[in-house]
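Quick note: numbers below take in every heavy atom, side chains included, and nothing from hydrogens, waters or symmetry partners.
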Amino acid sequence: MAEAEREDEWERERLARLGESIKGKAKLRLRECDVGDKFSHLPLRKASVLLPLLLRDGALCLLLTVRSMQMRRSPGEVCFPGGKREEMDKDEIDTALREAKEEVGLQPEKVEVICRLVPGIDKMNHLVTPVVGFIEDTFQASPNPDEVSDVFVVPLEYFIKPLNYEALPYKNSSGYLSWMHCFTYDDHEHKKSFKIWGLTAHFAVFLAIVIFRTKPTFEVYYDLDNLITSAENGFMNLYASINERNKSRL
């Protein structure tokens, strides 16, 4: 019995060391891609989302939510915890942490914030900043039913090696035809399928590329040899085209 207990303890220690190694490598790569407040000056309404990373069975996973059907905007859609900036928020990180607490009961002090990645622009022309942080593997969500109907986790690797993926045509914020990622994830734990698309999928894909530095099995516009530069250039091109479209309406 004592021998079996020792083996169990060694295995737990081995998994703990492996987990710390995986987290450590991910943190280094994320910090290399931290944009800080580089885009905060842009004259757009601000919003933030938290991209919560955790370890499950030795693999990095992302926590996602499903918006309540009572929500006025995008009911029933998969998203990250987040929302619009409020006056009390001192920066994008504050917004993401406050919203995560309100939506899923995640206490700010339980999040190890690592970085801010290149932002996106949503269909309402908000500048949306993705804030990446590690949360405890044992975190149990307490969804606010007014805002969140479900919480689930997806292996991060799914966003570069999906089992069910398609690229959907859409008009982006500048009015030009583009393509968006769309994943269907079968969650066997909850016996449900979730559709992950739009800006949420865009952020998840970029996060997976940043950490794994691997080309996905589908087409992306990033240059993996110049990842941050290509991502920032893509964002600024979108921002410039939105500006031009807005000017043409005046």
Side-chain angles (χ1 to χ4, degrees), residues 18-40 42 47-56 58-65 78-82 91-93 95-97 100 111-122 127-135 137 153-163 165 167 178-183 185 196-239:
L18 177 62
E20 287 307 309
S21 172
I22 291 170
K23 282 185 179 181
K25 186 179 292 185
K27 289 174 189 178
L28 284 174
R29 290 179 171 175
L30 286 165
R31 288 179 178 128
E32 290 172 0
C33 298
D34 187 6
V35 300
D37 61 0
K38 183 174 183 177
F39 300 98
S40 302
L42 295 177
S48 297
V49 291
L50 181 66
L51 278 55
L53 284 167
L54 65 155
L55 273 179
R56 285 277 173 90
L60 287 173
C61 294
L62 261 179
L63 182 141
L64 294 125
T65 70
V78 170
C79 63
F80 291 111
D91 58 18
E92 297 92 347
I93 295 172
T95 303
L97 295 179
V111 183
E112 182 187 1
V113 174
I114 307 300
C115 69
R116 284 170 277 189
L117 296 178
V118 177
I121 300 175
D122 70 10
L127 179 73
V128 184
T129 298
V131 176
V132 184
F134 273 94
I135 65 174
D137 311 341
V153 297
V154 180
L156 184 61
E157 194 175 35
Y158 194 82
F159 295 105
I160 52 172
K161 297 178 181 177
L163 296 177
Y165 171 87
S178 187
W179 297 89
M180 74 166 71
H181 305 301
C182 180
F183 302 85
Y185 178 69
I196 307 162
W197 61 300
L199 200 55
T200 300
H202 170 81
F203 287 149
V205 168
F206 186 64
L207 177 65
I209 294 173
V210 164
I211 289 178
F212 295 121
R213 301 295 165 100
T214 301
K215 184 177 174 58
T217 56
F218 48 87
E219 194 66 34
V220 291
Y221 67 80
Y222 303 117
D223 176 0
L224 265 65
D225 294 323
N226 298 282
L227 184 57
I228 289 301
T229 300
S230 65
E232 290 183 347
N233 288 344
F235 168 74
M236 289 308 298
N237 288 339
L238 173 62
Y239 174 70

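- Few gaps surround NZ on K215; more than 12 heavy atoms of other groups in view lie less than 6.0 Å from it.
- Using a 4.5 Å heavy-atom threshold, the side chains of L55 and I22 count as touching.
- Using a distance-only test at 3.5 Å, with no hydrogens or angles considered, no donor-acceptor pair links the side chain of T129 to the main chain of P119.
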Stepwise, does the ring pair (Phe, Tyr, Trp, His ring centres under 6.0 Å) test hold for F39 with Y239?
-> CA-CA 11 Å; F39 300 98; Y239 174 70; 9.1 Å; no
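- For the pair E92 and S40, the minimum side-chain heavy-atom distance is below 4.5 Å.
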N226 vs N233, side-chain contact (heavy atoms from CB on, under 4.5 Å): CA-CA, chis, key distance, verdict = CA-CA 11 Å; N226 298 282; N233 288 344; over 6 Å; no
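- Looking at E32 and R213, a side-chain N of the basic residue comes within less than 4.0 Å of a carboxylate O on the acidic one, giving a salt bridge.
- Checking L227, V220, D225 one by one against D223, the side-chain contact (heavy atoms from CB on, under 4.5 Å) holds for a single residue, D225.
- Between the CD1 atom of I114 and the NZ atom of K27 there is a distance of 5.0 Å, given to the nearest 0.5 Å.
- Atom-to-atom distance recorded for L28:CG and C33:SG is 11.0 Å, nearest 0.5 angstrom.
- In this structure, the side chains of V132 and R116 stay at 4.5 Å or more apart for every pair of heavy atoms.
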Taking it one step at a time, do L156 and F212 satisfy side-chain contact (heavy atoms from CB on, under 4.5 Å)?
-> CA-CA 9 Å; L156 184 61; F212 295 121; 3.7 Å; yes
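- Among all heavy-atom pairs drawn from A201 and I196, the shortest one is CB-O, 3.8 Å.
- Contact check for P155 versus L60: no side-chain heavy atoms found under the 4.5 Å cut-off.
- From R56, atom CZ reaches atom SG of C61 across 6.5 Å, with rounding to the nearest 0.5 Å.
- What you find for P162 and F183 is that their closest heavy atoms are CB-CD2, 3.6 Å.
- In this structure, D91 CG and S48 OG are separated by 8.0 Å, a value rounded to the nearest 0.5 Å.
- Residues G234 and Y221 approach most closely at CA-CE1, 4.3 Å, considering heavy atoms.
- Side chains of L53 and I135 form no contact here, defined as non-hydrogen atoms less than 4.5 Å apart.
- Using modelled atom types, one side-chain atom of R29 and one backbone atom of I211 make a donor-acceptor pair closer than 3.5 Å.
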Checking side-chain contact (heavy atoms from CB on, under 4.5 Å) for the pair L199/H202: CA distance, chi angles, key distance, verdict?
-> CA-CA 5 Å; L199 200 55; H202 170 81; 4.0 Å; yes
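- The two residues A26 and F134 make their nearest non-hydrogen contact at CB-CZ, 4.1 Å.
- For the pair I209/L224, a side-chain contact is recorded, criterion being any heavy-atom separation below 4.5 Å from C-beta on.
- Rounding to the nearest 0.5 Å gives a distance of 7.5 Å between NZ of K23 and CD of E112.
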Kindly indicate, with the supporting measurements, whether the criterion side-chain contact (heavy atoms from CB on, under 4.5 Å) is fulfilled by L30 and L207.
-> CA-CA 8 Å; L30 286 165; L207 177 65; 3.5 Å; yes
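- Ring centroids of Y158 and Y185 are separated by less than 6.0 Å, placing the two rings close together.
- No side-chain heavy atom of L117 sits under 4.5 Å from any side-chain heavy atom of F203.
- Here the CG atom belonging to L50 is positioned 11.5 Å from the OG1 atom belonging to T95, to the nearest 0.5 angstrom.
- In this structure, F218 has its ring center at least 6.0 angstrom away from the ring center of F159.
- A 4.5 Å side-chain heavy-atom check between F80 and L62 finds at least one atom pair inside the cut-off.
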